[in-house]
Every structure is written in structure tokens, then in C-alpha cells.
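First the structure, in the form of C-alpha cells, and then the observations on it.
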Amino acid sequence: MSHELATIDATAQADLVRRGDVKPIELVDAAIARIERLNPQLNAVITTFFDRARAQAQSAALPAGPFRGVPFLLKDLGAHSAGDPYHVGMRGLRELGWVEPHDTHLAAKFRAAGFIFLGKTNTPELGLLPTTEPQSYGPTRNPWDVSRSSGGSSGGAAAAVAAGMVAVAHATDGGGSIRIPASHCGLVGLKPSRGRNSLGPDAGERWGGCSVENSVTHSVRDTAAILDALHGLMPGDPYTAPPPARSFAAEVGADPGRLRIGLLTRAPNGVPVHRDCVAAAEGAARLLASLGHAVEDSSPAALTDSEILRAFGTMLSAATARALDLWSEKTGRAIGPDGVEPMTWAFAEMGRQVSARDYLRAVQSAQAQSRRIASWWASGFDLLLTPTTAEPAPPLGSFTSPPDNPLAGLMRAGAFSTFTSAFNMTGQPAISLPLHWTEAGLPIGVQLVAAYAREDLLIRVAAQLERAQPWCARRPSIHA
């Protein structure tokens, strides 16, 4: 049974508990055993709560939510849990032993859904890179090839799910940080619409509204059911996405109709796109056409405007500077260059040069570009199809910055966020699906982007593709 639990999704695990075939403690014990066995090879989980998880699994107070008793991992960035370490990849916070005193709204919703927290997953410092190699905790390795990156910033979460430690895990996305790890690790990764899931009570928005939170999963039905458990306005939220017409879970298996889909395989910022990433998108286009959809070479012209990158860089550098100031205020200790990685400090220094006028100009530019991009959907298209990244998972160390150029790693990141970051700025939902593998056995994701608040359409089409070309039976070399 233990081996079977590692190969079924969270929905199936919850069904076993509901039927009385498995007890929550059995799920938890099996997941703990898998983490203890596999994590030394991958370094995906950096903090564990095993004793507490076992106690919760046997408690009559365990919430009777849709995922009652299912083991779960929180990313060490974004949603934090009461009384637990929270270091956001920063060496200074780890050395300080920083602990958060309360649950965020999202963490509380995960608990209410019945998930049992086993620990925290690795993340790059402040979630800035599309790889998970923080100096504070070391690199997370990809279970498909341990010499390669698992992606970032949700690379710890993706590696843990791909390896079968847990079926699902919390993830965040500010420029591709759910979708990139999902692509590198062969998972489903949905970036929800801006305002779909609350970031409170600690934040109204992050990164100028670009950052959102959700999960990485194996199956589309897990993604849909988790979104049902998470979405909705919470007290004090500055805005919220329109509520769905029905549950997202009800969209799994629903007929999407005949859709008009644009195909984009050229990188908007002009970086070369690896042939396997092009092949992934083109293969998905043929599959969609075989399912009756109309696919044509078309995409929003505004995606190629370099002002998008300038605005994003301005907003993100200013947010990084503010993040260091905020942590100095929270901890009562000034965070200087010795408390963070050289790249983080250099980027924050850039942000400190951004004036209020510069920042507002960037926000206005981002909003103007968002309107131009969104008009493509309004012109009659339902979805945009792209590769998720411009390259397959790179070797570990690819984002290392030399001492004389501390921002080199961040500049290298352009190839991995070229297809993703624009939709963080527009606030549109986007999903990465594992529909292609290289000859060397590395997964390659494809991205589908819908109009704002149309997660329902993404889930319908994703489920249709999952049925037509299943991926859940594929397993990496390191798997439970």
C-alpha cells in the first residue's frame, strides 16, 4: 500500500480516507518515510514538522475538508504557518531562527481543506530566481536528473511532488515560479488570476500585483479542487477575481467547445528558444487541432514591447529593496550586504534608486501594456499556447553570479521567464502542462494562457489534454 500511495494523486488519497480504506496517520507515516528516504538526494524539504503532523493525523479535530488527512508541504515563501520557521531563502533569517506567529489566510485554507503540513520546501532567496539554489539551504536537485535545476522559485515544492514525497504542495508565482518548476519537473502548475487567492492578512498584494499563490500537482483534478478550496475574498483584500459560475472541479471533464487558439514559439524578448521547447508547443498545437480546436500562428503584438521588461524590472527591484527594509523592521535588525546573497543586495540597491515617479511610471506602463495584451483575447481568441520556458532544465550552477557581476544570474533568468512573466503583469491565469519529454528524458512543459478570470476554461482544456495524452504514469529516476 505504501508504494501505491506514492503514485496516486491527492484526490484519490482523500477518497481512501473518506471510504475508511486508509487512515490519515497511514498517509502521513508513508509520506514521512518517503521524505526521509528521498530528500537527502534532492534537498527539496528544508524544515519538517513530523511529530506534530502525526499528532494532527490522529486527532478528532482534523478538519473534514475535501483533502482530509492528505500530507502536504508549504513553500518557505508566501503562505506561512503559525509557530513555524519562515526564512524566504534568506541566510540572515535562518541564522536568526525567525518564526511567524500566525497562519496566513491561505495557510488557514489549506488546513481547513484537511491537508496536514509535514514541513517547508526550499526556495531561492526572496523567490528572485528561476532556480532553487539558495546559499542558506543549498540547491534542490531535479528528480529527473540530479545534475539539473528543479526550477524556481517553487523548485523545492516541484521536486518533492515529482519524486512522490507528497502528491501536492504549495507554490507561488511572481514571474513564472509555479509554471517553470512544473515544466522542469513534469507537473501541472496553474498560476491563478490576480486576486483569485488572498495574500492576507500580511499583504494586500506583492510585487505590484504580479505575485500569486497556488500549488503544483500531478493531476488537473487536484489543481481544480485545490483552487476551489483556496479562492475567494478575505477581509481587507484590496481586490478579488470574479467568482466562478460553478466549482472549478466541475470543469474537469466539461466540454470546452471548439476554441480559437493562438500559437507563439518565438521568445518575446528575442532569446533563442531550444528546439525541444519549440517541439513541445508545436506538438501540443497538433494535439489541440486533433481535438477539434482551431490553432493559428498568432499572439499579442504587445508582448514584444521591451517596455514590459523595463517596467517589470523597475517594479521588482523596488519590491526587493522594500522587502529587505520590511525584514529589518520585523526583526529589529538591519539587514545589510552580509545578510543576503550578493545578487539580492545588488538588485535591492538598484531598487533604492527608483524614485516614486519612476515607480508610478512603471506601474502605469505595465497597466497600459496589459490593456494592449488583453485586447488580443477580446479580438476573438480563447487561449494562447506557448512553450513554458525557452530552455529545458539547466545544469545546477547556471545562475551563479561572479563577484564582479552580481546580477549575472538574474540576467540569465530571461530565458526562463520570457513566456511567463508578462502574464504576471497582466494578471491573467496561465497553466503549464507536461506534454513533452526530451530524448534525454527531461520533461518540457507547454503553457496555456486565458483571459482574466477564465481559470474555468484552462481547467477544461487541460483536462481534455490530460485524457488525450496522459502524463501521470511517467516517473522520474528518483521516485518513491
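This one's a predicted model, so the numbers in the text were calculated from it and none came from an experiment.
- Side-chain polar atoms of Ser154 and Lys75 form a donor-acceptor pair below 3.5 angstrom.
- Thr240 and Asp237 share no donor-acceptor pair across their side chains, judged by distance under 3.5 Å alone.
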- Task: Take Thr140 and Asn122 through the side chain to side chain donor-acceptor pair (under 3.5 Å) test and state the conclusion after the steps.
- Result: CA-CA 7 Å; Thr140 294; Asn122 204 6; 3.1 Å; yes
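- Between Ala159 and Ser150 the shortest heavy-atom distance is CB-CB, 4.1 Å.
- Scanning all heavy atoms of the two residues, the minimum distance from Ala53 to Phe117 falls at CB-O, 3.6 Å.
- Judged by distance alone, the side chain of Ser183 and the main-chain N or O of Ile444 form no donor-acceptor pair under 3.5 Å.
- Side-chain N/O atoms of Trp376 and Ser298 include a donor and acceptor closer than 3.5 Å.
- Between Phe110 and Phe115, the angle of the ring planes goes over 60°, which puts this pair in the perpendicular group of the 30/60° scheme.
- Closest heavy-atom contact between Thr104 and Gly78: CG2-O, 4.1 Å.
- With hydrogens and angles disregarded, a donor-acceptor distance shorter than 3.5 Å links the side chain of Gln469 to the backbone of Leu435.
- Under the 4.5 Å side-chain criterion, counting only non-hydrogen atoms from C-beta, Asp382 is not in contact with Trp377.
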- Item | side chain to side chain contact (heavy atoms under 4.5 Å, CB included) between Val449 and Phe419, intermediate numbers included | CA-CA 10 Å; Val449 188; Phe419 291 107; over 6 Å; no
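- The backbone N or O of Ala362 sits nowhere less than 3.5 Å from a side-chain atom of Ser365 that would complete a donor-acceptor pair.
- Pairing each heavy atom of Ala366 with each of Met315, the nearest pair is CB-SD, 4.1 Å.
- At a threshold of 4.5 Å between non-hydrogen side-chain atoms, the residues Thr48 and Leu118 do not count as touching.
- Side chain to side chain, Thr172 and Glu213 fail the donor-acceptor criterion of an N or O pair below 3.5 Å.
- Here the side chain of Ser211 pairs no donor or acceptor atom with the backbone of Trp207 at under 3.5 angstrom.
- A side-chain donor-acceptor contact under 3.5 Å links Thr123 to the backbone of Ser153.
- Using a distance-only test at 3.5 Å, with no hydrogens or angles considered, no donor-acceptor pair links the side chain of Arg412 to the main chain of Phe399.
- Contact check on Glu466 versus Arg221 returns no salt bridge, with no Lys/Arg side-chain nitrogen under 4.0 Å from an Asp/Glu carboxylate oxygen.
- Counting heavy atoms from C-beta outward, Ser149 and Ser398 have side chains that stay 4.5 Å or more apart.
- Gly176 and Asn424 get closest at one heavy-atom pair: N-OD1, 3.6 Å.
- Between the side chain of Thr438 and the main chain of Gly441, a donor-acceptor pair closer than 3.5 Å is present.
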- Message: side chain to side chain donor-acceptor pair (under 3.5 Å) for Thr217 and Asp222? Distances and angles first, verdict last.
- Response: CA-CA 6 Å; Thr217 74; Asp222 275 1; 5.5 Å; no
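- No hydrogens or angles considered: a donor-acceptor pair under 3.5 Å links the side chains of Arg372 and Gln369.
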- Message: Run Glu133 and Thr131 through side chain to side chain donor-acceptor pair (under 3.5 Å) and show every step you take.
- Response: CA-CA 6 Å; Glu133 304 176 52; Thr131 189; 2.7 Å; yes
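- In this structure, the side chains of Leu128 and Leu316 come closer than 4.5 Å at one or more pairs of heavy atoms.
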- Message: Could you walk me through whether Glu282 and Arg275 satisfy the salt bridge (Lys or Arg N to Asp or Glu O under 4.0 Å) test, starting with their C-alpha distance in whole Å, then the side-chain angles of each, then the deciding distance to 0.1 Å, before giving a yes or no?
- Response: CA-CA 10 Å; Glu282 290 178 342; Arg275 63 182 181 276; over 6 Å; no
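- Inter-residue side-chain proximity for Leu230 and Leu106 is flagged as met; some heavy-atom pair is nearer than 4.5 Å.
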- Task: Evaluate side chain to side chain contact (heavy atoms under 4.5 Å, CB included) for Phe347 paired with Leu410, printing each intermediate quantity in order.
- Result: CA-CA 9 Å; Phe347 198 43; Leu410 199 58; 3.5 Å; yes
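- Between the side chains of Glu455 and Ser193, a donor-acceptor pair is found at a separation under 3.5 Å.
- Counted by atom type alone, Arg310 and Ser306 present one or more donor-acceptor pairs between their side chains at under 3.5 Å.
- Checked by atom type and distance alone, the side chain of Thr418 never pairs as donor or acceptor with a backbone atom of Ala415 at under 3.5 Å.
- For the pair Asn197 (side chain) and Leu227 (backbone), a donor-acceptor distance under 3.5 Å is absent.
- Under the salt bridge (charged side-chain N to carboxylate O under 4.0 Å, His left out) rule, Asp173 has a single partner from Arg179, Arg196, Arg206, which is Arg179.
- The heavy-atom pair separating Asn142 from Ala393 by the smallest distance is ND2-CB, 3.9 Å.
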Taking only distance into account, with no hydrogens and no angle test, what donor-acceptor pairs under 3.5 Å do side-chain atoms of residues 425-432 form with protein atoms, sequence neighbours excluded?
unit_1 : atom_1 : unit_2 : atom_2 : d
Thr426 : OG1    : Phe423 : O      : 3.4
Thr426 : OG1    : Gln428 : N      : 3.3
Thr426 : OG1    : Gln428 : OE1    : 3.0
Gln428 : NE2    : Ala450 : O      : 2.9
Ser432 : OG     : Thr388 : OG1    : 2.8

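- Within the 4.5 Å cutoff, no side-chain heavy atoms of His170 are placed close to those of Ser215.
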- Task: Would you check, one step at a time, whether the test side chain to side chain contact (heavy atoms under 4.5 Å, CB included) holds for Lys120 with Leu73?
- Result: CA-CA 6 Å; Lys120 295 285 192 76; Leu73 292 166; over 6 Å; no
- Between Asp202 and His102, does a side chain to side chain donor-acceptor pair (under 3.5 Å) hold up when you go through it step by step? CA-CA 10 Å; Asp202 297 65; His102 61 267; 2.9 Å; yes
- Message: For a side chain to side chain contact (heavy atoms under 4.5 Å, CB included) check, start with the C-alpha distance between Thr314 and Val363, then their side-chain angles and the critical distance, and finish with the verdict.
- Response: CA-CA 9 Å; Thr314 297; Val363 171; over 6 Å; no
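- When the options Val278, Asp276, Leu442 are evaluated for a side chain to side chain contact (heavy atoms under 4.5 Å, CB included) with His436, the one that passes is Asp276.
- For the salt bridge (Lys or Arg N to Asp or Glu O under 4.0 Å) test, residues two or more places apart in sequence or in another chain that qualify with Arg460 are Glu251, Asp456.
- Using a 4.5 Å cut-off on side-chain heavy atoms (C-beta onward), Val461 and Leu383 make contact.
- Salt bridge present: Asp103 and Arg111 bring a charged side-chain N and a carboxylate O closer than 4.0 Å.
- In summary, the aromatic rings of His184 and Phe416 are positioned with their centroids under 6.0 Å apart.
- A distance-only check finds no donor-acceptor pair linking the side chain of Tyr137 to the backbone of Asn43 [under 3.5 Å].
- You'll find the side chain of Ile46 stays beyond 4.5 Å of the side chain of Thr121, heavy atoms only.
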